[in-house]
Amino acid sequence: MSAWSHGEAQSWADAMSFALAQHYGRWTVGWRWSHDEGDFDGGPVGNWCCPRDSITTPEETLTRVEAALREWREWLEYLAGWFEAYPLDLSDIESQRILWERSARNLILQVVDRTGCGSGWHGHCRQVQTWFLDHWGVAPEMARGLVDEAIGGRFHSWTGPDTVVVDDVAEQLALSLQPADGRGRADAPAQDHLQRWLAVRESVPWHEIPDSSTDGPVVPLRDGAMEDIRAFDGAITPARAKGLLSALELLRADAARGARLDFTLLSSWQQYVLDTPRPPQFRNAPAFAKRSRERYGIGPDTRARFDACLAGSASDAGRPLGLTARAARACLDVCFFHPFDDGNARSAFLTLVFVLAREGVALDGVGLLRRISFEADAPQDPLILVRYINIHLAETRRRAVDSRTAPSTC
């Protein structure tokens, strides 16, 4: 049965999808998007599940196909009518944000009701929200980025979203919209902030930046990275802090053995950061950050270029570069290559800690390194980050020395 389901039956269902699209149009391709764990889980269709369960006799099977196709069409028509019931104008966004927010909230609830919040339902929720923005003039690529950032991994399979989460997602989406997000910009080449970063990276005088790590290894009085994770990330969720602490322990073991920094190593830490069953893969589509103000492109050589940049974090006797400059550069590489679908800021922070730790340097405070956002095309930002690392490092060294030279009170 399993072999038949994944072989002959699957081929028949694919052929039916092709035939329907050829005859009626591309809109038909969603007819198999069933509830829960069907052919394509998390969809709005209840009349079709999968070849194994839905293909029986020719008559019964064709009846199910027709019913599923009608159900999908009715849902599309319902959404189109619903979109039209909320006429919105992107050019007048400031006076209409409350309407955009209410519309986004209602759409989430519509998808929740239609899909039943089974496996993968949030994928269709993203799609519907993107359709809605596109319908009212937001460029499709921009719409996808805005929706992904607003949802931010807060919807989960088999779980209905809390009212507070729904309200917050809708609010974030409405607040992120700008008049310039419209289709009028779609004809112009999309800005690639990864390329902007690579240009800035080449222009920064890294070898001229003062380096406060020249006095050798630093053993702090307290573990600044660990304490910051417990306080800052623990206040967000205990699970987030637990994952980061596990990743921190692993990276320090990797640093002690002098591991080579590359995407594979980052991914082994990121598995703990995101609590995934296996190390996450390198992204396969453009990424967005800062409420979609920055877009990071993707090409066939993006991962290889990323690994080449990270390789520069190691000490090079032939062309020496200060440790704090190398740590800052690697941190910003992770920020602007944006290799993961989520958690890139945390990955960038861990990268900075690793580069320092590999050469025996740790900090007793990291507040300046995690409370500021950097821009991909700002030439001064790398210098600012290096300065912040140097400040923390100098203070860590001073306090460590003071503790050793303080007079005894005994």
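Every heavy atom of this structure was used, including side-chain atoms; hydrogens, water molecules and symmetry mates were not.
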A.B. asks: Strictly below 4.0 Å, N to O, side chains only: are D342 and R283 in salt-bridge contact?
C.D. replies: no
A.B. asks: Below 4.5 Å, heavy atoms only, C-beta onward: do M142 and L133 meet side chain to side chain?
C.D. replies: no
A.B. asks: Does the distance from a Lys or Arg side-chain N to an Asp or Glu carboxylate O, for E101 and R105, drop under 4.0 Å?
C.D. replies: no
A.B. asks: More than 12 non-hydrogen atoms from neighbouring residues, nucleotides or ligands closer than 6.0 Å to CZ on R52, yes or no?
C.D. replies: no
A.B. asks: Counting neighbours of CZ on R399 that are heavy atoms of other residues, nucleotides or ligands and sit closer than 6.0 Å, is the number greater than 12?
C.D. replies: yes
A.B. asks: Is it true that D364 and R398 make a salt bridge, defined as a side-chain N closer than 4.0 Å to a carboxylate O?
C.D. replies: no
A.B. asks: Thinking salt bridges, do R97 and E94 make one under a 4.0 Å N-O criterion?
C.D. replies: yes
A.B. asks: Identify which one of W48, F18, W72 satisfies the ring pair (Phe, Tyr, Trp, His ring centres under 6.0 Å) criterion when paired with W31.
C.D. replies: W48
A.B. asks: Taking the inter-plane angle between the rings of W131 and H124 on a 0 to 90° scale, is it parallel (under 30°), tilted (30 to 60°) or perpendicular (over 60°)?
C.D. replies: perpendicular
A.B. asks: Can you confirm whether more than 12 heavy atoms, excluding those of R154, are under 6.0 Å from its CZ atom?
C.D. replies: yes
A.B. asks: Is it true that D36 and W158 share a donor-acceptor pair across their side chains at a distance under 3.5 Å?
C.D. replies: no
A.B. asks: Under 4.0 Å between a side-chain nitrogen and a carboxylate oxygen: does that hold for E77 and R73?
C.D. replies: yes
A.B. asks: Assess whether a salt bridge exists between D333 and R201, defined as any Lys/Arg side-chain N lying under 4.0 Å from an Asp/Glu carboxylate O.
C.D. replies: yes
A.B. asks: Check the surroundings of atom CD in Q380: do more than 12 heavy atoms from other residues, nucleotides or ligands lie under 6.0 Å from it?
C.D. replies: yes
A.B. asks: Between R346 and D233 (salt bridge meaning N to carboxylate O under 4.0 Å), is one present in this structure?
C.D. replies: no
A.B. asks: Show, in sequence, the C-alpha distance, side-chain angles and deciding distance for I93 and W100, and conclude whether the side-chain contact (heavy atoms from CB on, under 4.5 Å) test is met.
C.D. replies: CA-CA 8 Å; I93 185 66; W100 286 92; 3.2 Å; yes
A.B. asks: Please tabulate, one pair per line, all N/O donor-acceptor pairs under 3.5 Å involving side-chain atoms of residues 108-121, not counting sequence neighbours.
C.D. replies:
| unit_1 | atom_1 | unit_2 | atom_2 | d |
| --- | --- | --- | --- | --- |
| Q110 | OE1 | Y78 | OH | 2.9 |
| Q110 | NE2 | Y78 | OH | 3.0 |
| R114 | NE | P44 | O | 3.4 |
| R114 | NH2 | E71 | O | 3.4 |
| T115 | OG1 | V111 | O | 2.8 |
| T115 | OG1 | C117 | N | 3.3 |
| S119 | OG | D41 | OD2 | 2.5 |
| W121 | NE1 | H156 | O | 2.8 |
| W121 | NE1 | T159 | O | 3.3 |

A.B. asks: Are F374 and Y388 close enough, and set up right, to give a ring-ring contact (aromatic ring centres under 6.0 Å, His included), and what steps lead you there?
C.D. replies: CA-CA 12 Å; F374 296 99; Y388 287 169; 7.1 Å; no
A.B. asks: I'd like to know if the side chain of T28 and the backbone of G25 have a donor-acceptor N/O pair within less than 3.5 Å.
C.D. replies: yes
A.B. asks: Looking just at side-chain N and O atoms, do Q270 and Y272 make a donor-acceptor pair shorter than 3.5 Å?
C.D. replies: no
A.B. asks: Indicate yes or no: does D223 engage R252 in a salt bridge with an N to O separation below 4.0 Å.
C.D. replies: yes
A.B. asks: For atom CZ of F306, is the number of surrounding heavy atoms from other residues, nucleotides or ligands below 6.0 Å larger than 12?
C.D. replies: yes
